[in-house]
Amino acid sequence: MPIATPEVYAEMIDRAKAGKFAYPAVNITSSQTVTAALQGFAEAESDGIIQVSVGGGEYASGATIKDRVTGSLALAAYAAEVAKNYPVNIAIHTDHCVKKNLESWVRPLLALEAEQVKAGKNPTFQSHMFDGSDIPLEENLVIAEELLELSQAARTILEVEIGVVGGEEDGHEAEINEKLYTTVEDGLATVRALGAGEKGRYLTALTFGNVHGVYKPGAVKLRPEILAEIQQAVGAEIGKENPFDLVFHGGSGSTAEEVATAVDNGVIKMNIDTDTQYAFSRPVAGHFFTNYDGVLKVDGEVGNKKAYDPRAWGKLAEAGMAARIVEACQWLRSAGHKM
């Protein structure tokens with residue numbers, strides 16, 4: 001199927017919320033990771049989201065170029081072409097744009113998409129994230145309100161982060177402390193500033209102890225019940241049940257129970273990056289270690305072209321990442337729920 005239109009993306013979110021399931025949002029950095037993501041969603045019979053970080057966009061543009069806009073557009077263009085051959089709906093998203101990167105990344109993309117819409121076309125991306133977690137909440141919401149208006153013109157959905165995700169991702173770091181837990185007051189301030197849909201649709205990353213990076217189960221103290229508290233308090237104020245479309249960041253090391261509770265409380269998107277990076281790399285390492293005399297020209301020999309052909313180990317990498325995405329779809333209950 002083609003990449004999701006704005007209408008299809010909205011329907012995907014509505015179906016997830018009504019059906020109490022969530023979509024894995026998988027970070028992509030290359031054509032191979034795009035293909036792996038599409039394969040995984042298709043095998044799980046799940047619609048899904050692929051997303052580009054600022055570092056991923058720079059990498060995709062070329063290691064000596066590092067143009068985040070060019071790389072993001074290139075990945076989106078590749079995905080738009082190859083997705084036509086997979087029987088699932090895929091939305092494309094930009095992930096974790098902090099304030100300092102707005103002018104060089106998300107604002108240019110929104111401007112481009114506004115021009116596409118004026119010309120009667122669909123926007124390249126279906127949503128963009130503004131990560132204001134490293135600035136005061138008041139400033140975060142002022143910028144988010146402006147970006148929400150721009151998103152309306154571009155027919156895209158805005159994702160905001162209210163609270164702080166600990167750990168490190170793409171050069172952005174945050175300490176692991178009490179700031180990792182969004183409060184009811186934060187949720188109320190958000191809906192008062194951004195509305196409940198009348199100003200444009202947005203996704204909300206509320207934090208409940210989330211930490212980016214690699215952790216064993218139990219190392220990260222998640223409190224997904226916070227999501228229910230905020231949903232109830234905000235819902236009571238505006239007269240709407242579960243008003244927020246929630247996003248789960250920093251989920252590596254989470255237990256199945258924690259993930260299920262988060263989804264029950266309104267999470268419709270969960271970011272998957274660290275785990276899929278490993279799932280992509282591990283089969284490559286296995287291939288190179290077990291076929292070292294083929295991928296290397298040991299002792300002056302000629303090696304084995306079939307072993308070092310990038311397609312040989314690339315297929316293994318894609319299959320490994322796809323399998324991890326299938327597992328994520330099963331945990332998040334989106335498996336078997338494609339539109």
Side-chain angles (χ1 to χ4, degrees), residues 2-6 9 25-38 48-83 90-135 140 143-161 168-172 200-203 205 212 247 249 269 271 273 276-277:
I3 294 299
T5 64
Y9 189 33
V26 179
N27 281 60
I28 54 170
T29 55
S30 65
S31 61
Q32 283 189 302
T33 52
V34 171
T35 302
L38 295 174
I49 301 167
I50 57 176
Q51 57 189 24
V52 186
S53 68
V54 65
E58 289 180 352
Y59 176 77
S61 75
T64 61
I65 303 299
K66 294 186 177 181
D67 187 313
R68 54 194 61 169
V69 170
T70 295
S72 298
L73 292 173
L75 288 171
Y78 179 80
E81 191 60 36
V82 296
I90 300 295
I92 316 178
H93 174 79
T94 58
D95 186 37
H96 280 290
C97 181
V98 296
K99 179 185 175 182
K100 67 179 182 180
N101 292 330
L102 281 172
E103 298 300 327
S104 62
W105 190 31
V106 164
R107 286 190 188 276
L109 291 174
L110 282 169
L112 170 66
E113 288 160 343
E115 291 302 313
Q116 290 174 325
V117 169
K118 287 180 182 178
K121 301 176 182 178
N122 287 320
T124 297
F125 289 86
Q126 286 65 62
S127 54
H128 299 282
M129 181 192 178
F130 166 54
D131 181 354
S133 63
D134 60 345
I135 57 179
N140 180 354
I143 296 173
E145 191 169 5
E146 177 196 355
L147 292 173
L148 187 59
E149 184 175 348
L150 295 176
S151 296
Q152 282 280 82
R155 299 187 69 209
T156 60
I157 293 175
L158 179 68
E159 180 183 329
V160 296
E161 185 162 314
E168 187 274 334
E169 182 174 47
D170 249 20
H172 173 53
R201 190 164 198 170
Y202 60 94
L203 310 179
H212 289 131
V247 180
H249 288 246
K269 171 179 180 279
N271 287 14
D273 186 21
T276 50
Q277 287 179 344

Chemist: About how many Å separate OG1 of T33 and CD of Q277, when rounded to the nearest 0.5 Å?
Modeler: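 It comes to 9.5 Å.
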Chemist: Closest approach of V117 and P123, non-hydrogen atoms and distance?
Modeler: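 Smallest heavy-atom distance, with atoms named: CG2-CD, 4.4 Å.
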Chemist: List the steps, then state whether side-chain contact (heavy atoms from CB on, under 4.5 Å) holds for L102 with I143.
Modeler: CA-CA 10 Å; L102 281 172; I143 296 173; 3.8 Å; yes
Chemist: Looking at E161, is its backbone amide N or carbonyl O close enough to the side chain of N140 to form a donor-acceptor pair, meaning the two atoms are under 3.5 Å apart?
Modeler: yes
Chemist: Is the side chain of Q116 donor-acceptor paired with the backbone N or O of T124 at a distance under 3.5 Å, no angle test?
Modeler: yes
Chemist: Name all pairs fulfilling the salt bridge (charged side-chain N to carboxylate O under 4.0 Å, His left out) condition that reach into residues 143-156, sequence neighbours left out, sorted by first residue then second.
Modeler: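 Non-adjacent pairs meeting salt bridge (charged side-chain N to carboxylate O under 4.0 Å, His left out): E7-R155, R107-E146, E145-K199.
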Chemist: Give a yes or no answer on whether the side chain of S61 reaches the backbone of K66 with a donor-acceptor pair at less than 3.5 Å.
Modeler: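 Looks like yes, one N/O pair under 3.5 Å.
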Chemist: With side-chain contact (heavy atoms from CB on, under 4.5 Å) as the test, would you mind laying out the steps for L158 and F130 before giving the verdict?
Modeler: CA-CA 7 Å; L158 179 68; F130 166 54; 4.2 Å; yes
Chemist: May I have the step-by-step check of side-chain contact (heavy atoms from CB on, under 4.5 Å) for N27 and T276, ending in yes or no?
Modeler: CA-CA 8 Å; N27 281 60; T276 50; 5.7 Å; no
Chemist: Only one of H93, K269, Q51 forms a side chain to side chain donor-acceptor pair (under 3.5 Å) with S127, so which one is it?
Modeler: H93
Chemist: Under the ring pair (Phe, Tyr, Trp, His ring centres under 6.0 Å) test, which residues partner F125, sequence neighbours left out?
Modeler: H128
Chemist: Would you compute the distance between atom OG1 of T156 and atom OH of Y9 and round it to the nearest 0.5 angstrom?
Modeler: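 Answer rounded to 0.5 Å: 9.5 Å.
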Chemist: Let's go through L110 and S151 carefully: what are the C-alpha distance in whole Å and the side-chain angles of both, what is the deciding distance for side-chain contact (heavy atoms from CB on, under 4.5 Å) to 0.1 Å, and is it a yes or a no?
Modeler: CA-CA 7 Å; L110 282 169; S151 296; 4.1 Å; yes
Chemist: Could you state the interatomic distance from CD (E113) to CG (L150), rounded to the nearest 0.5 Å?
Modeler: 11.0 Å
Chemist: State the NE2-CG distance between H96 and D131, to the nearest 0.5 angstrom.
Modeler: 5.5 Å
Chemist: Side chains of residues 68-82: which donor-acceptor pairs under 3.5 Å do they make with residues two or more places apart or in other chains?
Modeler:
| from | atom 1 | to | atom 2 | distance (Å) |
| --- | --- | --- | --- | --- |
| R68 | NE | E58 | OE2 | 3.1 |
| R68 | NH1 | N101 | OD1 | 2.9 |
| R68 | NH1 | S104 | OG | 2.9 |
| R68 | NH2 | E58 | OE2 | 2.5 |
| T70 | OG1 | D67 | OD1 | 3.3 |
| T70 | OG1 | D67 | OD2 | 3.4 |
| S72 | OG | R68 | O | 2.7 |
| S72 | OG | W105 | NE1 | 3.0 |
| Y78 | OH | T35 | OG1 | 3.1 |
| E81 | OE1 | K84 | NZ | 3.3 |

Chemist: Would you check if I3 and Q126 make a side-chain contact, meaning some heavy-atom pair closer than 4.5 Å?
Modeler: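 Yes; the side chains approach each other to less than 4.5 Å.
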Chemist: Specify the closest pair of heavy atoms between L148 and R201, including all atoms of both residues, with the distance to one decimal.
Modeler: CD1-O, 3.6 Å
